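In what follows, a structure is listed as structure tokens, so that the remarks can point back to it.
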Amino acid sequence: MKPGPVALRELQAPLLAWYRAVQRDLPWRRTRDPYRIWISEAMLQQTRVEAVIGHYERFVARFPSVQALAEADTQAVLEAWSGLGYYRRARALHATAQELVARHLGVFPQRAAELVQLHGIGPYTAGAVASIAFDAPDALVDGNVERVFARWLGWELPRASPELKRRSWQLADELVPAAGAGEWNQALMELGAVVCTPRKPRCLACPVAAWCTAHRTGRAEALPLERAKPATLEVELLVHVVREGGQYLLVKRPEQGRMAGLLEFPSIETAPGEVLWPRALQAEFATGDELARVRHAITRHRIHARVVEARLLRPVVAGELADARGARWVYSSPERLGQLALTGMARKLCALLH
DNA sequence: CATACGTGGTT
DNA sequence: TAACCAAGTAT
């Protein structure tokens, strides 16, 4: 007998009981402030809990309210976000804070249908803020929920596939309780995060294994199915470290596109493949000794960087200036490097240089 | 609807 | 160590 939504309702009480007993103590579970819930949800997108905790604490200390975030400089927001990746999220967060202040007097809408209208807030985050902060009866589906549902129902579907998402949202809508939606949604995700894990699911510790089709058929580890992965691109990079009077030369990336507005060391692509910005002209630098080799990965790209000591061939005054392409060149002292909005590669290099 | 978007930890 | 993975969204 295949479990349907009706049979699955039987597992709601045991799952909630389990969640109340074993849930992790996370900073954003100690508040009902929609602003803080929202920040945590934005940070948690495609990002591990352990990586978020520190950033979350610092972020809400620095920007304690929607108003504070709305009034902040973009560069300060990027700086607080630096290291989390997907920097578009930080810009969306900033823009949405300003929109909330301008059009909602800084007050959060309480239902997912309204929240999803805001920039950077998609169906998942809308459901999360509505249900967790306001206990609105709104459902939510993330990677955890998709995996848990695929196993409960024995869906032989690829991870993150449109069909799996469609079915998951339908089931989530059917299961979400009229009261206690926030707790239910978090219980579902918690199960996926600590028991019903992608690899080596702990079915023996699962409070609802009795209702699980995949557990019964031995398919738990196999579901959801793997999805075809795109080929990785290999990129060779020459990175210049220019020291002038105890300061490092950095270039600010354009405000649009990949890692928008972040600072990095000037670099030159040295092999065919993806064109990485900035493509500082070889002629602008005198290249010296090799300092290090660094491997770095960004989505679908593996970057092999050769780091060389360098100096600029044309004079550049200290401070900020713009080159012919409109790029901003910035000198920074070593002490300040750690506090800037740097790309991952640049941060890795800083650690290496000290 | 497929693809782009980052990083740090794990396997 | 290369591949995989993590509380998605915008285009």
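Every chain is numbered from 1, with letters handed out A, B, ... down the list of sequences. The shown structure was predicted, so the numbers you read here are calculated from the model rather than taken from an experiment.
Straight-line distance between the P atoms of C:dT9 and B:dG9: roughly 24 Å, to the nearest whole Å. A distance of about 13 Å separates the C1' atoms of B:dC1 and C:dA10, rounded to the whole Å. Between C:dT11 and B:dT7, the distance separating the two C1' atoms is 22 Å to the nearest Å. If you take atom C1' in C:dT1 and the same atom in B:dG8, they sit 15 Å apart, rounded to whole Å.
Within 3.5 Å, no donor on the side chain of A:Thr47 pairs with an acceptor on the base of B:dG8, nor the reverse. Side-chain N/O atoms of A:Arg48 and base N/O atoms of C:dC5 include a donor-acceptor pair closer than 3.5 Å.
Phosphate contact (OP1/OP2 of C:dT9, side-chain N/O of A:Thr125, threshold under 4.0 Å): present. At B:dC5, one or more side-chain N or O atoms of A:Arg258 fall inside 4.0 Å of OP1 or OP2 (strictly under the cut-off). Between A:Gln45 and C:dA7, a side-chain N or O to OP1/OP2 separation shorter than 4.0 Å is absent. Considering only side-chain N and O atoms, A:Tyr87 lies under 4.0 angstrom from the phosphate OP1 or OP2 of B:dT7. For the OP1/OP2 pair of B:dA4 and a distance below 4.0 Å, the side-chain nitrogens and oxygens of A:Arg88 include no atom meeting the criterion. Between A:His296 and B:dT7 there is a side-chain N or O to OP1 or OP2 distance below 4.0 Å.
Between A:Trp81 atom CH2 and B:dT7 atom C1' there is a gap of 12 Å when expressed in whole angstrom units.
Partners of A:Glu41 by salt bridge (Lys or Arg N to Asp or Glu O under 4.0 Å), not counting sequence neighbours: none found. Judged as a side chain to side chain donor-acceptor pair (under 3.5 Å), and not counting sequence neighbours, the contacts of A:His296 are A:Lys348. By the ring-ring contact (aromatic ring centres under 6.0 Å, His included) test, A:Tyr248 is found to be paired with no residue, residues two or more places apart in sequence or in another chain being considered. For A:Gln339, there are no side chain to side chain donor-acceptor pair (under 3.5 Å) partners two or more places apart in sequence or in a different chain. Scanning for side chain to side chain donor-acceptor pair (under 3.5 Å) contacts around A:Arg293 gives A:Glu290, with sequence neighbours left out.
Counting any heavy atom pair closer than 4.0 Å across all strands shown, A:Pro123 reaches sugar-phosphate atoms only and no base atom. If you check every strand for non-hydrogen atoms under 4.0 Å, A:Arg166 touches nothing. If you check every strand for non-hydrogen atoms under 4.0 Å, A:Ala92 touches nothing. When heavy atoms are screened at a 4.0 angstrom cut-off, A:Gly122 is found touching the sugar-phosphate backbone but no base atom. A:Leu26 comes within 4.0 angstrom of a base, heavy atoms only.
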Listing, residues 71-81 of chain A side-chain donor-acceptor contacts under 3.5 Å, not counting sequence neighbours, or none:
| residue | atom | partner | partner atom | Å |
| --- | --- | --- | --- | --- |
| A:Thr74 | OG1 | A:His94 | ND1 | 3.4 |
| A:Glu79 | OE2 | A:Arg62 | NH1 | 3.3 |
| A:Trp81 | NE1 | A:Gly85 | O | 2.9 |

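DNA chain B is contacted by both A:Arg227 and A:Gly257; A:Arg227 maps to the nucleotide lying nearer its 5′ end (nearest heavy atom per residue). A residue-by-residue look at A:Glu226 and A:Gln186 shows that A:Glu226 has its nearest nucleotide of DNA chain C further toward the 5' end. Position along DNA chain B of the nearest nucleotide to A:Glu50 versus A:Tyr86 favours A:Tyr86 as the more 5'-ward residue.
Screening residues 99-118 of chain A for side-chain hydrogen bond (donor to acceptor under 3.5 Å, both in side chains) gives A:Arg111-A:Asp138 as the qualifying pairs, with residues at least two apart or on separate chains.
Using a 4.0 Å cut-off between charged side-chain N and carboxylate O, A:Lys165 and A:Glu146 make a salt bridge.
The structure places CD1 of A:Ile53 at 12.0 Å from CE of A:Met43, a figure rounded to the nearest 0.5 Å. Atoms CD and CG, on A:Glu190 and A:Leu26 in that order, are 6.5 Å from each other to the nearest 0.5 Å.
Grouped with A:Leu225 in one hydrophobic cluster are A:Leu223, the linkage being side-chain heavy-atom contacts under 4.5 Å among Ile, Leu, Val, Met, Phe, Trp and Tyr residues. Residue A:Leu204 is found outside any hydrophobic cluster, as its side-chain heavy atoms come under 4.5 Å of no other Ile, Leu, Val, Met, Phe, Trp or Tyr.
The stretch residues 28-42 of chain A comes close to DNA chain C through A:Trp28, A:Arg29, A:Glu41, each having a heavy atom under 4.0 Å from the strand. Within residues 343-352 of chain A, no residue has any heavy atom under 4.0 Å from DNA chain C. For the contact set between residues 140-151 of chain A and DNA chain C, defined by any heavy atom under 4.0 Å, the members are A:Asp142, A:Gly143, A:Asn144, A:Arg147.
With A:Arg347 contributing its side chain and A:Leu342 its backbone, the two residues share a donor-acceptor pair below 3.5 Å.
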